[in-house]
There are 2 protein chains.
Amino acid sequence: MATIYDVAARAGVSPKTVSRVINHCATVKEETRQRVLDAIRALDYHPNAVAKSLKQQKTFNIGYVIPYGSDFVFRDPAQLEQIKGANDVLAASDYNLILSVPKSGRDALREVDSLLKHKNVDGLILYAMAGVEPLAREFEAKGLKYVSLGKCYPEQKYNFVEVEAPSGGYLGTRFLLNLGHREIAFLGEAPQFLEPDKESMISGCIRAYQEAGLEFPAQGVLPGDYSVECGYYAVERLLAKQPAPTAIFCASDPMAWGVLRALRERGLVPGKDIDVLGGDDLPLTQSLEPGLSAIHSKLYELGSLGAGILLECLRMEDEAAREIPGRYLQSELVVRQSTNGPTRDRA
Amino acid sequence: MATIYDVAARAGVSPKTVSRVINHCATVKEETRQRVLDAIRALDYHPNAVAKSLKQQKTFNIGYVIPYGSDFVFRDPAQLEQIKGANDVLAASDYNLILSVPKSGRDALREVDSLLKHKNVDGLILYAMAGVEPLAREFEAKGLKYVSLGKCYPEQKYNFVEVEAPSGGYLGTRFLLNLGHREIAFLGEAPQFLEPDKESMISGCIRAYQEAGLEFPAQGVLPGDYSVECGYYAVERLLAKQPAPTAIFCASDPMAWGVLRALRERGLVPGKDIDVLGGDDLPLTQSLEPGLSAIHSKLYELGSLGAGILLECLRMEDEAAREIPGRYLQSELVVRQSTNGPTRDRA
DNA sequence: TTGAAAGCGTTACCAG
DNA sequence: CTGGTAACGCTTTCAA
């Protein structure tokens, strides 16, 4: 492998001049520049990234840490939308994406250590979920630049991007109430996935009821784990409620898919016999026919914005970079065929 | 940040001795070893991976290259199973996983360049699909260690792991024929996804027909792009065939999901009115109720075995490492509720 | 506009 | 069993 010295020798200049040419920086006489470029081509020279890293104390690697086990990550389409967002931004930059997902959630700390301690990342994207606070605190203590997807602890003010779950719940519930629904069943988030004190989608649902002057049916809420199965198996219990729900609002799309399937099997047609509203509006949902109405959570943007902010951090000088105010992403309602209001003649 | 010199100074030894302790290699007197360990702890010292890389000409990074655009990758559960397999193996090793997925398929070469040329990976996992041959040839020319998931070109003998598609097609078709089906519709692979000359699932289906002494209904084959939509929209054309198919065999699970949905909407119950067989047996399929029968393709193993082979390569001496014979993964049939044979009284 | 030489933090050859 | 010292390949201060 040719080094910068080989190039310098062949071009009859010093390594420094070659370096200047490579980094298109300084003013190099056009003629020498050409000579150097020729030598580079002739030797098929490519600068060694590792050496450059050592010198510049910069690796051009960014770690994307999801401290929750690979089952959770690779089989959840919502996770993948976030990763995709970050990937696309980083692919357009000079940075590499090091994906750090422990096989099991219990190995999380060890994984992160290997990235941090050995300092072969310049910054981190950290997926936030219950239990992540110690990690975030460690990053802060060590002065490591990071941005979290979701808040890592309630008081976090900086360096995060978060989908505002309550506002999604509010939007969806208001919509269903306006359609005339009075018996809505909710398949919400499981407490163990939420940061303590994090406001859930449900709190937004409650607000919508209050605004409408109605009492929120707390007994109509079931916790869910975001999965298809969970939605599928929840239907029996949801339908058992008295009075029977005329609509089901799910905190995630996969749960809604499971609900749709279970309803069909019971001969109930979504959007006709009973309304269903999803909570992510994932690409797969968008390609389903007939369409599932959903709260569109900007998951792709969560990832891309997070990566963008981190890159910005890395460009800034150290001190200021620590404190980029957190950003909230608002959800939007996408109405498709699964929500048409309660069936009058069925009530 | 403390360096090895700081530790050496504090422990009153030379950097070399510290190095020895860190790498648990040489024989260091227990007492000095303890002194060094104390110093390491006291200074919160962590070896710098970049410096180590430079010295050892080894980065401990492995690139996972999918030269096909992030839409394709992050929204295809089958891709993700493969990545998960590789991730889990690498997570248990000392290597980091650098995920290299261009935003658009057209940027593929540029992406790979940045990894290769700057040599900050020790090896590559390359996902093979139509058009990947030049990349593989380049790796070989440069002596870069890689393993491909799928063959990159027909004559490839070494360094690949492949799911044997024809044998899956054979298994599934034989099963359906044995159930008594005579009118089977196939939703196969799209030619643009296949390496030229690669045997498709369909060739295995044909073999099953031949063995049964039946003629393969070539007009019953539709190409698919593996997606849910594709399956959903194909149903109309599949059902239009004369005589009407009693079973639909899909080359991928997502296509089968789309088919199931479209059938339900037409009031046809899978496994009763018409049989459906999927081609991947993805985790999501496994969690569906009632179950979709499917050819279980070992996608997770594809990724994990690929990563395992690459790690093995990296441990070997250069010359020999280039030629690890390719491995084929056999699929298995998983029978669930969607395949029960043709309905006699409907024929 | 260009170059000599030091240094980034390791590892490793060769002495002691 | 341990230590001086030269690499690894690049950047960069300072001087010419």
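Excluded from the calculations below are hydrogen atoms, water molecules and symmetry mates; all remaining heavy atoms, backbone and side chain alike, are included. Residue numbering restarts at 1 for every chain, and letters A, B, ... go by the order of the sequence lines.
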### Message
Taking 4.0 Å as the cut-off, does a side-chain nitrogen or oxygen of B:Gln57 come that near to OP1 or OP2 on D:dA7?
### Response
no

### Query
How about A:Asn61 and B:Asn96: do any of their side-chain heavy atoms sit closer than 4.5 Å?
no

### Task
Give me the ring orientation class for B:Tyr95 and B:Phe60: parallel if the planes are under 30° apart, tilted from 30 to 60°, perpendicular past 60°.
tilted

### Query
In Å, rounded to the nearest 0.5 Å, how long is the span from CG of B:Leu97 to CD1 of B:Ile62?
8.0 Å

### Message
Taking 4.0 Å as the cut-off, does a side-chain nitrogen or oxygen of B:Ser53 come that near to OP1 or OP2 on D:dC8?
### Response
no

### Message
Treating A:Thr17 as the side-chain partner and A:Val13 as the backbone partner, does any N or O pair qualify as donor plus acceptor under 3.5 Å?
### Response
no

## Note on the structure
B/S/- along nucleotides 10-16 of chain D (protein heavy atoms under 4.0 Å) is BBB----

### Message
Nearest whole Å is fine: how far is C:dT10 P from A:Asn120 CG?
### Response
13 Å

## Note on the structure
To the nearest angstrom, the CG-C1' distance between B:Asp6 and C:dT10 comes to 13 Å

#### Entry: Cationic N near anionic O, under 4.0 Å, B:Glu155 to B:Arg137
yes

### Query
Would you call the rings of A:Tyr127 and A:Tyr68 parallel, tilted or perpendicular, where under 30° means parallel and over 60° means perpendicular?
perpendicular

## Note on the structure
Rounded to 10°, the angle between the first-five-pair and last-five-pair axes of the helix from C:dT1-D:dA16 to C:dG16-D:dC1 is 30°

### Task
Round to a whole Å and report the spacing from CG of A:Leu54 to P of C:dT10.
9 Å

### Summary
Taken in chain and number order and not counting sequence neighbours, the residues that satisfy salt bridge (charged side-chain N to carboxylate O under 4.0 Å, His left out) with B:Lys29 are none

### Query
Just how far, in rounded Å, is C1' of C:dT2 from CD of A:Glu31?
13 Å

### Query
What is the distance, rounded to the nearest whole Å, between atom CZ of B:Arg35 and atom C1' of D:dC1?
12 Å

### Query
Is any side-chain heavy atom of A:Arg327 closer than 4.5 Å to a side-chain heavy atom of A:Ile309?
yes

